[in-house]
Amino acid sequence: MDKTYNHKLYEEKIYKKWETSGYFNPDNLPGERKETFSIVLPPPNVTGTLHLGHAAMLAVEDILVRYNRMQGKKTVWIPGTDSAAIATQSKVESVLYKEEGKTRHDIGRTELMNRIEAFIKDSESTIISQVKRMGSSLDWSRYAYTLDGTRYKAVMEAFVRMYKAGLIYRGNRIVNWDPQFQTTVADDEIEYKEQIDPFYYFKYGPFTIGTVRPETKFGDKYVVMHPDDKRYKKYKHGDKIKLEWINGPLTATIIKDTAADPEVGSGVMTITPSHSFVDFEIAKRHNLDIEQVIDEKGLLLPIAGEFAGQHIKKARPLIVEKLKQKGLIEKVDEKYIHKIAINYRGGGTIEPQIKLQWWVDVNKEIPERDNKSLKDLMREAIKSGATKITPSRFEKTYYHWIDNLRDWCISRQIWFGHRIPVWYKGEEIFVGTEAPKEKGWEQDPDTLDTWFSSGLWTFSTLGWPEQTEDLKNFHPTSLLETGYDILFFWVARMILMSSFLLGEVPFKQVYLHGLVRDNQGRKMSKSLGNIINPVDMIDKYGADAVRMSLIIGAAPGNDIKLSEDRIRGYRNFANKVWNITRFVTESESINTKSDKSVKTDDEWILEELKKTTLSVTKNLDKFKLNEAAEEIYDFVWHKFADIYIEKTKTKDGDNFGVRESAVPILQQVLEQSLKILHPFMPFVTEQIWHEMENDDLLLITAWPKV
RNA sequence: GGUCGCUUGGCUCAGUUGGUUAGAGCGUCUCGUUUACAUCGAGAAGGUCGGGGGUUCGAAUCCCUCAGCGACCACCA
């Protein structure tokens with residue numbers, strides 16, 4: 001054995017050895033295994049590269065998987081990658097534009113698909129090999145891709161079943177429209193950004209109305225006020241008044257609605273139902289006309305008169321200028337702070353639009369599920385305890401989210417993804433897993449929201465809708481581990497899908513890890529230049545060290561602050577374990593007979609070993625990985641090495657040695673330490689296991705009985 | 001505006017049924033070049049556990065209140 005542990009010499013070889021052993025696949029595990037343990041990996045983007053968030057996720061999941069495998073359970077961890085529809089398509093589109101100056105419409109749907117497929121093929125191996133470098137004991141024989149054949153079947157089946165149950169419908173409703181990507185965006189995929197803009201007060205007949213967006217106001221012909229607002233007592237609901245507006249005279253109608261807050265401004269507002277969620281609701285309540293003002297590209301429509309055809313950004317100052325000339329501006333607040341909605345995937349500013357889209361009805365009662373709605377089912381999964389969330393405080397957040405949940409818009413106007421299994425022929429509509437045979441049917445051009453297919457992930461990866469052995473054995477899965485930032489996006493939707501389609505929860509336990517930040521608590525970003533690349537760190541310090549640094553000090557749900565110093569510290573620990581082994585191995589040949597009163601030392605270390613093992617086991621069962629890892633670290637370094645080993649050393653003149661009676665104890669403690677350390681630091685422990693001339697793999701040895 | 005969380009030695013953090021002198025890593029200081037390891041060892045300094053009040057025989061841990069920070073959610077035109 002070398003004097004220091006050099007991870008570069010071993011990690012790749014060890015991973016290969018594990019892979020060829022076949023033990024990542026539960027079907028090959030030795031012995032009779034009755035209990036099962038299953039985790040489905042949250043699929044990273046197929047075109048992405050490994051970041052620290054992935055690394056943290058892989059570390060946590062691999063620890064639990066290795067632990068349960070050693071506990072004698074039939075254990076599977078299923079890998080996969082995600083097509084990341086919008087992100088991938090826009091990446092390919094931007095390359096297309098940069099290199100060839102073309103848009104997707106220039107090359108057509110089929111050609112774009114080909115380009116995307118090629119791009120994915122190129123980059124898929126990158127993320128997979130990076131996942132492997134973390135030591136992830138994933139069963140690659142069960143690898144799934146969100147757009148592969150099996151998953152396609154599942155998505156089609158799910159859509160059709162939900163449609164037949166009346167849970168999916170098509171309707172005209174207001175959506176979040178991204179003019180840049182030309183697609184709808186889900187409520188949760190929106191980010192709000194603070195911005196300073198002028199706030200205008202306009203004269204609207206006898207009233208004063210305020211807005212930051214004059215360009216939407218052309219069609220405003222309803223004035224809304226609170227029914228109890230005394231200032232406007234003389235106006236009755238439905239009254240008509242004539243007034244002068246941007247492009248000439250207009251007849252406005254008075255609407256009394258509680259949505260108007262008397263405390264805000266003048267207490268009066270006009271509405272633009274076509275481009276505002278609130279206004280849309282008001283318009284629907286009172287059955288008002290709804291007129292589109294801005295088109296999908298952000299251009300003004302003919303209703304804008306002389307401004308028609310102009311882009312809203314350019315038109316705004318011109319409109320303000322015109323209003324000024326007409327004497328309709330009362331005042332302007334130049335520094336009004338408000339929030340604008342943007343597509344968090346990096347797209348443009350959201351413009352609400354009314355569109356004919358496909359929706360999932362979250363409130364409809366489902367006869368085959370005891371007349372419960374999807375919302376009810378989602379609540380029940382947690383309330384009944386069928387699924388538990390760690391840390392538990394997120395359960396409250398989860399309920400709150402469900403309470404505010406609106407119908408889910410699942411159609412997207414992009415080409416890359418699962419195409420909606422609906423065909424039209426004139427007024428006729430056909431919904432099925434396969435295209436109708438006769439001619440003349442045209443398929444809906446839209447694709448499904450990526451979270452629709454992700455929602456099926458726990459069972460689509462197990463072969464559903466086929467009733468496979470895997471599905472029977474491994475569903476509901478034991479645990480879902482992910483960052484708390486996608487609790488809503490994903491976790492909630494998996495519960496929704498599984499509850500309806502399978503009548504059971506997708507997982508028994510949710511473990512939410514925190515976000516990885518830099519050592520000052522800042523998010524890692526390119527612009528700050530504080531990104532730590534996990535692959536670089538693995539090169540430098542080894543995967544074991546990276547894993548430990550992401551576990552210790554990271555309580556569930558709390559953000560992790562990481563620095564290179566910490567990673568280095570755990571590299572040192574790996575080396576410590578290595579050298580303990582060298583000492584123990586050497587002790588066999590240099591032991592001396594000088595036995596003194598040392599029985600208490602032996603008893604003490606064995607007692608400590610037992611205590612540590614027990615506590616580590618308990619903490620792993622309770623998902624307290626951070627505490628478990630710290631205990632082992634402390635035991636191995638400060639109890640075993642610093643205290644016990646030092647005490648076994650003997651000195652006779654110039655001859656150094658080891659107390660003979662301690663040799664078997666050293667062996668025993670080392671061996672058991674390696675076992676309980678293995679889930680955390682799999683590479684160095686496996687290599688040592690091999691150096692100690694064991695034939696089997698540490699990977700599948702039995703967890704010490706406690 | 002609503003909800004949730006955080007505040008423990010210089011820095012980063014543990015501490016879930018309230019119980020003896022409050023822990024770790026990094027950093028700092030002193031000493032040590034003994035063949036397991038300098039990616040090391042021995043030792044040390046450093047905390048009224050954000051402020052105040054309360055419950056209790058006893059609180060970092062439970063309750064109230066104040067302050068600072070952060071996150072998420074929300075339709076302020």
Side-chain angles (χ1 to χ4, degrees), chain A residues 1-6 174 187-188 192 199-202 208-213 216-217 220 223-225 259-261 263-272 276-282 336 338-339 352 390-397 399-401 403-404 484-485 487-488 514-515 517-521 541-542 545 548-549 552-555 557-587 590 622 624 626-627 629-631 633-634 637-638 641-642 645-646 648-649 651 654-658 666 670:
Chain A
M1 284 174 85
D2 292 337
K3 219 167 162 181
T4 51
Y5 170 67
N6 183 354
I174 191 153
D187 289 344
D188 335 65
Y192 294 91
F199 189 89
Y200 304 95
Y201 292 90
F202 297 133
T208 302
I209 58 162
T211 186
V212 257
R213 306 201 54 198
T216 65
K217 294 286 161 195
D220 288 17
V223 201
V224 184
M225 56 201 69
D261 185 347
E263 304 291 318
V264 176
S266 60
V268 173
M269 63 179 177
T270 62
I271 56 169
T272 314
S276 154
F277 280 82
V278 196
D279 297 1
F280 180 77
E281 294 299 324
I282 296 171
Y336 178 70
H338 67 131
K339 282 178 180 167
T390 299
S392 57
R393 66 186 140 93
F394 282 100
E395 293 185 359
K396 225 174 191 173
T397 325
Y399 290 131
H400 183 252
W401 179 79
D403 292 339
N404 289 313
Y484 63 75
D485 51 331
L487 177 64
F488 307 134
L515 271 34
R517 297 166 177 279
D518 75 1
N519 59 351
Q520 293 169 49
Y541 302 111
M548 285 295 267
S549 71
I552 292 187
N558 285 0
D559 290 352
I560 310 155
K561 295 199 181 86
L562 189 72
S563 63
E564 198 170 329
D565 275 351
R566 293 194 36 191
I567 305 175
R568 183 160 33 82
Y570 297 114
R571 185 271 318 261
N572 296 353
F573 180 56
N575 188 53
K576 189 77 189 177
V577 180
W578 182 259
N579 274 292
I580 288 171
T581 308
R582 295 211 312 141
F583 179 84
V584 172
T585 312
E586 248 174 69
S587 72
I590 59 165
K622 285 189 283 189
K624 295 185 181 179
N626 55 328
E627 288 182 52
E630 235 171 310
E631 279 162 2
Y633 178 95
D634 178 63
W637 199 320
H638 301 306
D642 288 350
I645 286 184
E646 290 307 320
T648 65
K649 291 181 179 172
K651 192 179 172 189
D654 282 343
N655 298 320
F656 299 94
V658 175
L666 286 165
L670 173 61

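All chains are named by letter (A, B, ...) in the order of the sequence lines, taking the proteins before the strands, and each is independently numbered beginning at 1.
On a pure distance criterion of 3.5 Å, no polar donor-acceptor pair joins the side chain of A:Lys3 and the base of B:rA38.
Below 30°, between 30° and 60°, or above 60°: for A:Phe199 and A:Tyr201 the angle between ring planes is above 60°, a perpendicular geometry.
Protein atom CZ of A:Arg582 is 5 Å distant from nucleotide atom C1' of B:rA36, rounded to whole Å. In this entry the distance linking CD1 of A:Ile567 with P of B:rU12 reads 17 Å, nearest Å. One atom, CD1 of A:Ile645, and another, P of B:rG41, lie 11 Å apart when rounded to the nearest Å. Between A:Phe583 atom CZ and B:rU34 atom C1' the separation is 12 Å, expressed in whole Å. Rounded to whole Å, atom P of B:rC40 lies 12 Å from atom CZ of A:Phe573. Between the CZ atom of A:Arg568 and the C1' atom of B:rG25 there is a distance of 12 Å, given to the nearest Å.
Residue A:Lys396 is classed as a sugar-phosphate contact, given heavy-atom separations below 4.0 Å to backbone atoms only. Within 4.0 Å (heavy atoms only), A:Arg393 reaches sugar-phosphate atoms of the nucleic acid but no base atom. Counting non-hydrogen atoms under 4.0 angstrom, A:Ile271 reaches nothing in the nucleic acid. Residue contacts shown for A:Glu646 include a base, since a base heavy atom lies under 4.0 Å away.
Comparing the P positions of B:rG51 and B:rU39 gives an interatomic distance of 41 Å, to the nearest angstrom. For the P atoms, the distance from B:rU21 to B:rU65 is 31 Å, rounded to whole Å. Atom P of B:rC57 sits at a distance of 30 Å from the matching atom of B:rU8, rounded to the whole Å. Distance noted for atom P between B:rC72 and B:rG23: 36 Å (whole Å). Taking atom C1' in both B:rG19 and B:rU56, the straight-line distance is 12 Å, to the nearest Å. A distance of about 15 Å separates the C1' atoms of B:rA24 and B:rC49, rounded to the whole Å. With both ends at atom P, the span from B:rG46 to B:rC37 equals 34 Å, rounded to whole Å. Across the C1' atoms, B:rU28 and B:rC73 are found 45 Å apart, a figure rounded to whole Å.
Across A:Lys217 and A:Thr270, no two heavy atoms sit closer than the pair NZ-OG1, 3.4 Å. Nearest heavy atom pair, residue A:Thr4 against residue A:Asn575, reads CA-OD1, 3.2 Å. Contact between A:Ala545 and A:Arg571 at its shortest, heavy atoms only, is CB-N, 3.5 Å. Nearest heavy-atom pair across A:Ala260 and A:Gly267 is CB-O, 4.0 Å.
A donor-acceptor distance shorter than 3.5 angstrom exists from the side chain of A:Asp559 to the backbone of A:Leu515, with no hydrogens or angles considered. In this structure, the side chain of A:Trp578 engages the main chain of A:Asp2 through a donor-acceptor pair within 3.5 Å.
Residue whose closest nucleotide on RNA chain B sits further toward the 5' end, between A:Tyr570 and A:Asn579: A:Tyr570.
For A:Trp637 and B:rG41, the shortest distance from a side-chain N or O to OP1 or OP2 is below 4.0 Å.
For A:Asn575, whose side chain is taken as the heavy atoms from C-beta onward, the closest listed nucleotide among B:rU39, B:rG25, B:rA36 is B:rU39. Nearest nucleotide to the A:Tyr633 side chain, out of B:rA36, B:rG25, B:rU39: B:rG25. Here B:rA36 is the nucleotide among B:rC40, B:rA36, B:rC37 with the atom lying nearest to any side-chain atom of A:Ala641.
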Going 5' to 3' through nucleotides 71-77 of chain B, assign each nucleotide B (protein heavy atom under 4.0 Å from a base atom), S (under 4.0 Å only from sugar-phosphate atoms) or - (no protein heavy atom that close).
--SBBBB

Polar atoms only, N or O, under 3.5 Å: list the protein pairs with nucleotides 14-16 of chain B and their distances.
{"from": "B:rA14", "atom 1": "OP1", "to": "A:Asn558", "atom 2": "ND2", "distance (Å)": "2.8"}
{"from": "B:rU16", "atom 1": "O4", "to": "A:Lys624", "atom 2": "NZ", "distance (Å)": "3.2"}

Both distances under 3.5 Å, Watson-Crick or G-U wobble: on that basis, could you give the dot-bracket string for RNA chain B, with [ ] for crossing pairs and | for other-strand partners?
(((((((..((((.....[...)))).(((((.......))))).....(((((..]....))))))))))))....

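No hydrogens or angles considered: a donor-acceptor pair under 3.5 Å links the side chains of A:His638 and A:Asp642.
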